[in-house]
Amino acid sequence: MATVDQEQPQAHAPLHVAIVMDGNGRWAKRRGLPRSLGHRAGVESLKRTVAAAPDLNVRWLTVFGFSTENWSRPAAEVSELMALPKRYFESDLARLERDGVRVRVLGRREGLSADLVKMLDEAERRTAHNDKFFLQIAFNYGGQADIVEAARKFAAEVAAGRASPGDLDEAAFAAHLSTGAGPAPDLVIRPSGEQRLSNFLLWESAYSEFVFQDVLWPDYGAEHLEAAIDEFYKRERRYGGAVADDVLATG
Ligand code: IPE
Ligand code: MG
C-alpha cells in the first residue's frame with residue numbers, strides 16, 4: 001500500500017478533474033437577468049476552463065452539464081439547457097477537433113431530441129481520433145442511473161451466457177459504466193458554495209479529493225481552476241492506507 005509523507009504535498013498534478021458547473025441561476029439573479037443568460041454565460045466559463053486545463057497539466061476534464069434531475073425545472077429553462085451543447089459545439093467543436101481534444105458525452109441519449117443526439121454523436125465522432133486531451137460532458141446524466149445501467153449490461157451478458165457472476169469485480173464493473181476504462185477523477189470541484197455531489201460520478205469519485213469554491217460558475221476561469229489545484233496539492237491521499245509515521249507510532 002502506498003504511503004505518503006504528511007509534510008509532502010501531492011507529487012502529481014490531478015490528471016482528471018471533474019466539475020459540477022453550478023451557480024448560473026444565482027449569477028443571473030444577482031444581475032437582474034433571466035436564468036437563461038446565466039446558463040449562456042456558463043458556456044463561456046466552460047470555454048475558459050477547457051482552455052486553461054492543459055497548462056495546469058490536467059488531461060481529463062469531466063463537467064456536469066445536465067442531470068437527470070434537471071428535467072424537473074420549468075419547461076422554458078429545460079429548453080434553454082438543451083440548447084447549450086449546440087451553442088458550445090457550434091462555436092468550439094472545430095477548435096476542439098484541431099486542438100486534439102477527444103469529446104465524450106456521458107449520460108442517456110433517450111429523452112433528448114433527435115437533433116441534439118445527432119450533434120452529440122457528431123462531436124464524439126469528429127474527435128474520436130484525438131488523444132491529447134479528454135473532455136467528458138455529462139448530459140442527461142445521473143450517477144445512480146449510470147450504475148444501474150452498468151448492472152443491467154452485465155446482467156445481460158450473464159443471461160446471454162457470455163459471462164458468469166463470479167467474473168464481476170470492481171474493475172470489470174467500472175468498465176461497464178459510461179466512463180468506461182477512463183481514469184477516475186483525482187479532484188472533484190463544485191463552485192457556487194454548495195457542498196454536495198448531486199449524483200455526479202458516484203462510483204468514480206470514491207477516492208477523489210473534493211474542493212468547494214465560493215465562486216458562481218459564470219465567473220469561473222483559469223485562476224479558480226488553479227486555486228482548486230493548489231488546494232489539491234496540499235491534500236494527502238492515502239487510498240485507505242496509513243501515513244508511514246502513524247503506522248510506526250501505533251505499531
Ligand atoms: C447550473 O446552474 C446549471 C445546471 C444545473 C444545469 P444552476 O441553474 O443550478 O444555478 P443555481 O444553482 O440556481 O444558481
Ligand atoms: Mg444549482
Side-chain angles (χ1 to χ4, degrees), residues 17-53 61-93 103-113 115-117 119-120 123 135-147 178-179 185 187-202 204-205 208 210-225 227-228:
V17 173
I19 306 181
V20 179
M21 303 186 289
D22 195 17
N24 298 352
R26 278 162 284 170
W27 181 91
K29 194 171 174 199
R30 279 181 201 174
R31 284 166 177 72
L33 300 170
R35 292 176 64 86
S36 59
L37 292 189
H39 296 314
R40 289 181 203 181
V43 173
E44 300 308 311
S45 315
L46 176 61
K47 293 181 190 176
R48 289 195 293 273
T49 307
V50 170
L61 182 68
T62 304
V63 294
F64 206 176
F66 187 89
S67 87
T68 46
E69 287 72 35
N70 289 148
W71 290 108
S72 64
R73 295 192 178 194
E77 185 170 355
V78 169
S79 342
E80 179 61 40
L81 293 167
M82 287 292 140
L84 298 180
K86 184 162 189 251
R87 201 170 269 282
Y88 179 55
F89 289 134
E90 268 179 0
S91 70
D92 271 42
L93 184 57
V103 176
R104 255 168 111 195
V105 183
L106 312 177
R108 289 197 170 146
R109 297 292 205 268
E110 297 90 69
L112 305 180
S113 76
D115 278 358
L116 178 54
V117 170
M119 167 156 299
L120 302 180
L135 173 64
Q136 300 190 114
I137 302 174
F139 201 85
N140 197 21
Y141 172 91
Q144 291 180 341
D146 208 58
I147 290 170
S178 65
T179 44
L187 169 63
V188 176
I189 298 171
R190 184 162 189 161
S192 93
E194 307 291 352
Q195 305 199 353
R196 286 189 295 277
L197 192 51
S198 295
N199 206 9
F200 187 41
L201 303 177
L202 289 185
E204 297 87 340
S205 64
S208 303
F210 289 81
V211 171
F212 301 102
Q213 293 177 293
D214 258 330
V215 51
L216 300 173
W217 177 248
D219 290 326
Y220 207 86
E223 70 273 32
H224 303 100
L225 182 60

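Counting convention: from 1, in listed order, for ligands and their atoms alike.
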Under the 6.0 Å and 45° cation-pi test, does Arg30 pair with Trp27?
no
Going through the distances and angles, do Val20 and Trp217 end up as a side-chain contact (heavy atoms from CB on, under 4.5 Å)?
CA-CA 9 Å; Val20 179; Trp217 177 248; over 6 Å; no
If you round to the nearest 0.5 Å, how far is CG of Leu84 from CZ of Phe66?
10.0 Å
Which residue and atom name correspond to the protein heavy atom nearest atom 13 (O) of ligand 1, and how close is it?
Arg35 NH2, 3.0 Å
How far is atom 3 (C) of ligand 1 from its nearest protein heavy atom, and which residue and atom is that?
Asn24 ND2, 3.5 Å
Using a 4.0 Å heavy-atom cut-off, which part of Arg73 comes near ligand 1: side chain, backbone, both, or neither?
side chain
So CZ of Arg190 and CG of Asp22: to nearest 0.5 Å the spacing works out to 4.5 Å
For ligand 1, note which part of Asn70 has a heavy atom under 4.0 Å away: side chain, backbone, both or neither.
side chain
I need the atoms of ligand 1 closer than 4.0 Å to a non-hydrogen atom of Leu81, numbered in the order shown.
6 (C)
Give, for atom CZ of Arg73 and atom CZ of Arg35, the distance between the pair rounded to the nearest 0.5 Å.
5.0 Å
Per-atom contacts, ligand 1 versus Arg26 - under 4.0 Å to a heavy atom
11 (P), 12 (O), 14 (O)
Tell me which protein heavy atom sits closest to atom 1 (C) of ligand 1, plus the residue, atom name and distance to 0.1 Å.
Met21 O, 3.2 Å
Look at the aromatic rings of Tyr141 and Phe64 and report parallel, tilted or perpendicular, splitting at 30° and 60°.
perpendicular
Using a 6.0 Å cut-off, check whether atom CD of Glu194 has over 12 heavy atoms from anything other than its own residue.
yes
Ser192 near ligand 1 by a heavy-atom separation under 4.0 Å:
no
Do any N/O/S atoms of Asp22 come under 2.8 Å of the Mg ion (ligand 2)?
yes
So, is Gly25 polar-close to ligand 1, with some N/O to N/O distance under 3.5 Å?
yes
Quick one: look up the protein heavy atom nearest atom 6 (C) of ligand 1 and list residue, atom name and how far away it is.
Gly65 O, 3.3 Å
At what distance, to the nearest 0.5 angstrom, does CG of Leu81 lie from CG of Asn140?
11.5 Å
State the atoms of ligand 1, each with its element, that fall below the 4.0 Å cut-off from a heavy-atom position in His39.
3 (C), 8 (O)
